[in-house]
Amino acid sequence: MNIQGKIIRNTDRGFDKAVMETLFNKTPLNRNPLMIVQPETVEDIIEIIKFAKSEGKKISICSGGHSWSANHIRNDSILIDLCNFNSYEINKEAMTATAGPALGGSVLLTELFKQDLFFPAGHCKGVCIGGYLLQGGFALNGRKLGLATESVIGIDVVTADGEFLHASESENSDLFWAARGSGGGFFGVVVRFYLKLYPRPKYSGTMMQVFSMKHLEDVYNWAYEIGPSVPEAIEFQMLMTRRTLKFLGAGIEAVAPIFADSEDELHEATKFLENSPIKNKAYFRTPFIPTGVKIMYRFAMTHYPNNHCWGVDNMWTNASIKELKPLIKEISETLPPPPSHFLWLNWQPPKRKTEMAFSMEDKIFLSLYGGWKNPSNTSKYGTWATDLMKKYSHLETGIQLADESLHTRTARFVSDENLLKLFKIKEKRDSENIFNEWHTKPKL
Ligand SMILES: Cc1cc2nc3c(=O)[nH]c(=O)nc-3n(C[C@H](O)[C@H](O)[C@H](O)COP(=O)(O)OP(=O)(O)OC[C@H]3O[C@@H](n4cnc5c(N)ncnc54)[C@H](O)[C@@H]3O)c2cc1C
């Protein structure tokens, strides 16, 4: 294979280390890719695809490596690591940007903020826009601006046939449809995203109330009841951990990041926590604290430290609070030490008009993040999240691809209709099936 970029073969010294370096999740893996290739140009990618076909090998793709399930590490496959595709350009006049898939969402948003602009990027540093936009993108200010992928207006993609194409609503629209929601099952290499930008919200910041575990029932009853009426400016989430605020005891952090465009909207949003009937039970409470995105990212990262092993799983649900209570109780009784945590995200989806593969969401999103530092603890904590989600799967309507664990548990991640449509497009665009897809998929 004659390319400008770097090739690291599984027979090279340091190969295993290079594999681990592509991953956020450091859980030891028993998978053996053939080689890692770091293309520098689109021509390199075309060459790699030709090579894979001639050798009868499959391809996997990595942008930022934040897939919890290490989706890009596959046996006997060629891994295209897009780390060199991270440039971006902002066009303030047109309110658009173009960006490579290995660009960190936080890098883009920090730069946009400086220019009084906004894009619905994710909540954590390090997550790159490649995987994030393909799976949907649950974003800062996402309840107002929608899923991040709804703000993608086009992509440049190298297909399984080695063609370099632009896809949008009017050109290669099948690929564009698939790219917005198929996540780790997408069948092409996206090398550039075309993004719609927004004005920076006038007010951004966070409010918080922290409760000890003894108020668990009151807290979740309140969250469930208030859910449908939470203003759109708030992405209301509750995080259960054995160490609240980094140094205090076990409890629940009720966090309300707020993005408001006017003083009235801000006032409406802050009322939600200020008037909460359980606010006096909180042992720690803040008013609205205006912050830029840098502080928001710093706060989020306290729960997702680097160099840890993770076992993660999730569900969308519309179950009643009575049905959810046994699950919440069992989580509180079995929650491993920090940084492990349980996220309750109030979602209440709007009716979406965007034509896209993404099609699975529900009133509440529940996600379990088992995190541990020492790989030797994998047998102790590794299956905590999946075991619980399996046990309570009768409460789920589906899962989010953002926090998927399809290597340990098969679950529905798009509607049956959209899954069927994805299969048909894949048959046409990747007839030789050279791109690896999701680890597992539900039967139709
Ligand atoms: C700490 C942390 C915080 C997170 N926070 C959020 C959040 O706030 N909101 C949210 O929605 N999600 C969040 N996620 C989930 C995250 O968005 C997904 O894991 C996403 O896939 C990560 O993107 P990536 O490019 O870094 O990952 P990768 O692991 O590189 O990509 C995941 C998969 O997408 C496919 N893929 C990636 N790039 C390309 C490409 N260029 N062309 C074709 N296929 C490609 C591949 O199949 C790849 O295996 C978080 C994950 C972590 C670990």
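None of the values given here were measured: they were computed from a predicted structure. When a ligand or atom number is given, it counts from 1 through the structure's own listing order.
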Q. Would you say Val190 and ligand 1 have an N/O pair spaced under 3.5 Å apart?
A. yes
Q. What protein heavy atom is closest to atom 18 (C) of ligand 1, reported as residue, atom name and distance in Å?
A. Ala402 O, 3.9 Å
(Q) Among all the protein's heavy atoms, is there at least one whose distance to atom 7 (C) of ligand 1 comes out below 4.0 Å? (A) yes
Q: Please report which non-hydrogen protein atom sits nearest to atom 46 (C) of ligand 1, along with the residue it belongs to and the distance in Å to one decimal place.
A: Ile61 O, 3.2 Å
Q | Part of Ser63 with heavy atoms under 4.0 Å of ligand 1, whether side chain, backbone, both or neither | A | both
Q. Can you tell me which residue and heavy atom of the protein come closest to atom 17 (O) of ligand 1, and the distance to 0.1 Å?
A. Gln135 NE2, 3.1 Å
Q) Could an N or O of ligand 1 be found under 3.5 Å from any N or O of Tyr304, whether backbone or side chain? A) no
Q | Residue selection (non-hydrogen contact nearest atom 10 (C) of ligand 1) among Tyr132, Phe435, Phe193 | A | Tyr132
(Q) Are any of the N/O atoms on Phe24, whether in the backbone or the side chain, positioned under 3.5 angstrom from an N/O atom of ligand 1? (A) no
Q: Heavy-atom distances under 4.0 Å are what count here, so tell me which part of Phe138 touches ligand 1: side chain, backbone, both or neither.
A: both
(Q) side-chain contact (heavy atoms from CB on, under 4.5 Å) for Met1 and Glu47? Distances and angles first, verdict last. (A) CA-CA 7 Å; Met1 182 173 18; Glu47 191 59 34; 4.2 Å; yes
Q. Knowing that exactly one of Tyr198, Phe113, Phe118 qualifies, which makes a ring pair (Phe, Tyr, Trp, His ring centres under 6.0 Å) with Phe259?
A. Phe118
Q | Test of ring centre spacing under 6.0 Å for Tyr304 and His341 | A | yes
(Q) Looking only at protein heavy atoms, which one is nearest to atom 52 (C) of ligand 1, and what is the separation? (A) Trp68 CZ2, 3.3 Å
(Q) Looking only at the aromatic ring of each residue, does the gap between the centers of Trp68 and Tyr369 stay below 6.0 angstrom? (A) yes
Q) Short N/O distance, under 3.5 Å, between Gly64 and ligand 1? A) yes
Q: Name the closest protein heavy atom to atom 28 (P) of ligand 1, giving the residue it belongs to and the distance to 0.1 Å.
A: Gly65 N, 3.4 Å
Q) Tyr203 and Phe288: aromatic ring centres closer than 6.0 Å? A) no
Q) With distance as the sole test, does Gln209 use its side chain to make a donor-acceptor pair with the main-chain N or O of Leu273 at under 3.5 Å? A) yes
(Q) Under 4.0 Å, counting heavy atoms only: does Gly188 come that close to any atom of ligand 1? (A) yes
Q: Could you walk me through whether His123 and Gln237 pass the side chain to side chain donor-acceptor pair (under 3.5 Å) test, one step at a time?
A: CA-CA 12 Å; His123 304 79; Gln237 43 196 286; 4.6 Å; no
Q: Quick one: do Thr440 and His407 satisfy side chain to side chain donor-acceptor pair (under 3.5 Å)? Show the steps, please.
A: CA-CA 6 Å; Thr440 59; His407 61 312; over 6 Å; no
Q) At their closest point, which heavy atom of Pro228 faces which heavy atom of Gln348, and how far apart are they? A) N-NE2, 3.7 Å
(Q) Polar contacts were defined as any N/O atom of the residue lying under 3.5 Å from an N/O atom of the ligand; does this apply to Gly131 and ligand 1? (A) yes
Q: Quick one: look at Leu401 and ligand 1, take heavy-atom pairs under 4.0 Å, and tell me if it's side chain, backbone, both or neither.
A: neither
Q | Atoms in ligand 1 flagged as close to His72, the criterion being non-hydrogen separation under 4.0 Å | A | 29 (O), 49 (O)
Q) Where is the nearest protein heavy atom to atom 36 (N) of ligand 1: which residue, which atom, and how far? A) Leu134 CD1, 3.7 Å
(Q) Can you report which non-hydrogen protein atom sits closest to atom 29 (O) of ligand 1, along with the distance? (A) Ser67 N, 3.0 Å
Q | Geometric N/O contact Asp403 with ligand 1, under 3.5 angstrom | A | no
Q | CA sep, side-chain torsions, deciding dist, call: Phe299, Thr206, side-chain contact (heavy atoms from CB on, under 4.5 Å) | A | CA-CA 10 Å; Phe299 177 73; Thr206 309; 5.8 Å; no
Q) Angle class for the His308/Trp310 ring planes (parallel below 30°, perpendicular above 60°, tilted otherwise)? A) tilted
Q | Stepwise side chain to side chain donor-acceptor pair (under 3.5 Å) check, Glu150 with Thr354 | A | CA-CA 7 Å; Glu150 293 181 272; Thr354 313; 2.6 Å; yes
Q: Establish, yes or no, whether the cationic atom of Lys363 lies under 6.0 Å from the six-membered ring centre of Trp347 and within 45° of the ring axis.
A: no
Q | Residue, atom name and distance, where the atom is the protein heavy atom closest to atom 50 (C) of ligand 1 | A | Val127 CG2, 3.6 Å
